[in-house]
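Numbers here are sequence positions counted from 1.
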Amino acid sequence: MRKVAIIGVGHVGSTTAYTLISKNIVDELVLFDSKENILKAELNDLMDGQMEQDHQVRLIEPNLTELADTDVIIFSAGDISIFEGNPDRFAELNLTKTIVKEWAPKIKESGFKGIILNITNPCDVITQYLQELTGFPRERVFGTGTSLDTGRMKHAVSQKMLVNPSAIDGYVVGEHGESQFVAWSSVRIGGVPITDTLTVEKLDALDMAARDGGWVTFRGKGYTSYGIAIQAARIVEAILNNNYLVVPVSHFHSAEDCYVGSPAKVSRQGISESFPLNLSNDEQKKWQHTIQTIHSMHATI
Ligand SMILES: NC(=O)c1ccc[n+]([C@@H]2O[C@H](COP(=O)([O-])OP(=O)(O)OC[C@H]3O[C@@H](n4cnc5c(N)ncnc54)[C@H](O)[C@@H]3O)[C@@H](O)[C@H]2O)c1
């Protein structure tokens, strides 16, 4: 049985739940939320949503004992309304660190032996805090990191170059936040480095378009959901199917002494390999800046 729990079923948690169900990635889904009315409504709506599906997912009401045999916990609790008028993922930390303090002991005491995939912002720092407070092995606690931002980069590049996103290889790396950057040195279209085709100015403009993509969505609907849900679902699928997906997730970098987003191999064991980046000189400066940003944010906890 493929069993997943989601803690926090707001816009992101509920869309991720629906994505997991409709893509037939799970067999059992346990939902938790501090708001009982939201939880009840989502359980009911998800049940309605799978009525015409051949594969029925067992939807389970919140109970900590259910975590003992759960394979993956998706952590997506928070309060997106904090961002209104405050376009920085750091703004949510005061609340989300208290949610981690509440949940880490509960997860630990439940006998949970699986993998925690964190989405809650600020993603890198909250992932690190979850690992520190649960004490679970670092390879079993990681965050969606720059997977969403990499998707946004592919969106911008595919539109500019009129190419299917599947032909684009490469990564956005660093903090899932303002100090992230596209590692253009890693980006290839059909195997050809994009730096051979576009000028630095054009690449800078594309970096900006990718970064702004999230804010276009946020300004219009007050949250983002589909982009992150599809990334979270494919990472969960990689864990459950042990398919060795290489994806830019927030994982622990011992050389930097922190969690940060860069490509890693995801399998049943969690993070099984981290791929070193071959950054240009300019990108290395950006990398150092993003690491400092994460460290200073973590120091405020
Ligand atoms: N990493 C990414 O790429 C990415 C992308 C989008 C959103 N996010 C983050 O994901 C989180 C969720 O976003 P959202 O739009 O769903 O927010 P939301 O406000 O719609 O939902 C958050 C949910 O968490 C619940 N919650 C709050 N405190 C809780 C607690 N102590 N225990 C259990 N549940 C609790 C709330 O009741 C709410 O239903 C936020 O931190 C947001 O910034 C991250």
Side-chain angles (χ1 to χ4, degrees), residues 87 89 119 123-124 142-219 224 226-235 237-238 243-251 253 255-256 259-266 271-294:
R89 293 170 181 88
I119 298 176
C123 187
D124 305 278
F142 55 98
T144 48
T146 47
S147 58
L148 171 60
D149 312 291
T150 297
R152 287 176 179 151
M153 177 272 285
K154 290 184 180 178
H155 176 176
V157 171
S158 68
Q159 291 204 327
K160 168 85 182 163
M161 306 299 278
L162 293 179
V163 67
N164 190 292
S166 65
I168 305 166
D169 194 23
Y171 304 100
V172 174
V173 297
E175 175 206 10
H176 171 63
E178 295 309 296
S179 67
Q180 64 176 246
F181 60 97
V182 184
W184 290 118
S185 58
S186 72
V187 179
R188 281 168 172 67
I189 300 176
V192 177
I194 197 167
T195 48
D196 288 359
T197 318
L198 296 181
T199 61
V200 172
E201 290 72 27
K202 286 196 171 134
L203 292 175
D204 283 347
L206 274 179
D207 192 332
M208 201 55 83
R211 191 182 295 263
D212 279 354
W215 295 116
V216 169
T217 307
F218 184 80
R219 277 193 297 271
T224 73
Y226 304 130
I228 183 58
I230 197 70
Q231 296 297 340
R234 72 196 271 262
I235 295 168
E237 188 176 30
N243 73 11
Y244 301 109
L245 179 75
V246 175
V247 62
V249 283
S250 185
H251 59 288
H253 287 56
E256 314 297 355
Y259 273 75
V260 58
S262 78
K265 190 156 71 179
V266 175
I271 300 293
S272 51
E273 188 177 351
S274 178
F275 292 86
L277 297 160
N278 194 5
L279 299 174
S280 67
N281 287 344
D282 184 43
E283 289 166 353
Q284 273 176 20
K285 284 186 198 142
K286 291 179 179 169
W287 179 256
Q288 287 314 320
H289 171 63
T290 203
I291 297 297
Q292 279 167 13
T293 306
I294 292 170

Legend entry - With sequence neighbours excluded, residues passing side chain to side chain donor-acceptor pair (under 3.5 Å) with Ser274: His251
Legend entry - Under the salt bridge (Lys or Arg N to Asp or Glu O under 4.0 Å) test, residues paired with Arg234 that sit two or more places apart: none
Legend entry - Nearest atoms (heavy-atom pairs only) where Thr150 meets Val172: OG1-N, 3.0 Å
Legend entry - Sub-4.5 Å side-chain heavy-atom contact between Ser250 and Phe142: no
Legend entry - Asp196, CG: over 12 other non-hydrogen atoms inside 6.0 angstrom: yes
Inset, instruction - Tell me yes or no: between the side chains of Ser185 and Glu283, is some donor less than 3.5 Å from an acceptor? - result: yes
Legend entry - Minimum heavy-atom distance Lys154-Gly170, with the two atoms named: CE-O, 4.2 Å
Legend entry - N/O donor-acceptor pair under 3.5 Å between Gln180 side chain and Gly177 backbone: yes
Inset, instruction - State, to 0.1 Å, how close Arg211 and Glu178 come at their nearest heavy-atom pair, and which atoms those are. - result: NH1-O, 2.6 Å
Legend entry - Ser262: partners by side chain to side chain donor-acceptor pair (under 3.5 Å), with sequence neighbours left out: His253
Legend entry - Full working for side-chain contact (heavy atoms from CB on, under 4.5 Å) between Leu277 and Gln284: CA-CA 9 Å; Leu277 297 160; Gln284 273 176 20; over 6 Å; no
Inset, instruction - Please identify each residue that fulfils side chain to side chain donor-acceptor pair (under 3.5 Å) with Thr146, with sequence neighbours left out. - result: none
Inset, instruction - Check whether the side chains of Asp149 and His176 place a donor and an acceptor atom closer than 3.5 Å, and report yes or no. - result: yes
Legend entry - Check: Asn164/Ser166 side-chain N/O donor and acceptor closer than 3.5 Å: yes
Inset, instruction - Please test Lys160 against Lys202 for side-chain contact (heavy atoms from CB on, under 4.5 Å), starting from the C-alpha separation and ending with a verdict. - result: CA-CA 10 Å; Lys160 168 85 182 163; Lys202 286 196 171 134; 4.2 Å; yes
Legend entry - Pairing residues for Glu273 by the salt bridge (Lys or Arg N to Asp or Glu O under 4.0 Å) criterion, not counting sequence neighbours: Lys265
Inset, instruction - May I ask you to test the Trp184-Asp207 pair for a side-chain heavy-atom distance under 4.5 Å? - result: yes
Inset, instruction - Count the heavy atoms of every other residue, nucleotide or ligand shown that sit under 6.0 Å from CZ of Phe218, and state whether that count exceeds 12. - result: yes
Inset, instruction - State, with a plain yes or no, whether a side-chain heavy atom of Val157 is found less than 4.5 Å away from one of Leu206. - result: yes
Legend entry - Flag side-chain contact, heavy atom, 4.5 Å: Cys123 against Thr144: yes
Legend entry - Heavy-atom pair with the smallest gap, counting every atom of Leu279 and Trp287: CD1-CB, 3.8 Å
Inset, instruction - Could you go through the side-chain contact (heavy atoms from CB on, under 4.5 Å) check for Asp282 and Phe181 one step at a time? - result: CA-CA 11 Å; Asp282 184 43; Phe181 60 97; over 6 Å; no
Inset, instruction - Flag yes if more than 12 heavy atoms outside Lys286 fall under 6.0 Å of its NZ atom; otherwise flag no. - result: yes
Inset, instruction - Please report the closest heavy-atom contact between Gly261 and Asp124, naming both atoms and the distance. - result: N-OD1, 3.6 Å
Inset, instruction - Please step through side-chain contact (heavy atoms from CB on, under 4.5 Å) for the pair Thr224 and Arg152, ending with a clear verdict. - result: CA-CA 12 Å; Thr224 73; Arg152 287 176 179 151; 3.8 Å; yes
Legend entry - Those residues that, when tested against Asp169, pass salt bridge (Lys or Arg N to Asp or Glu O under 4.0 Å) (two or more places apart): none
Inset, instruction - Search all heavy atoms of Ile235 against all heavy atoms of Val266 and return the closest pair with its distance. - result: O-CG1, 4.2 Å
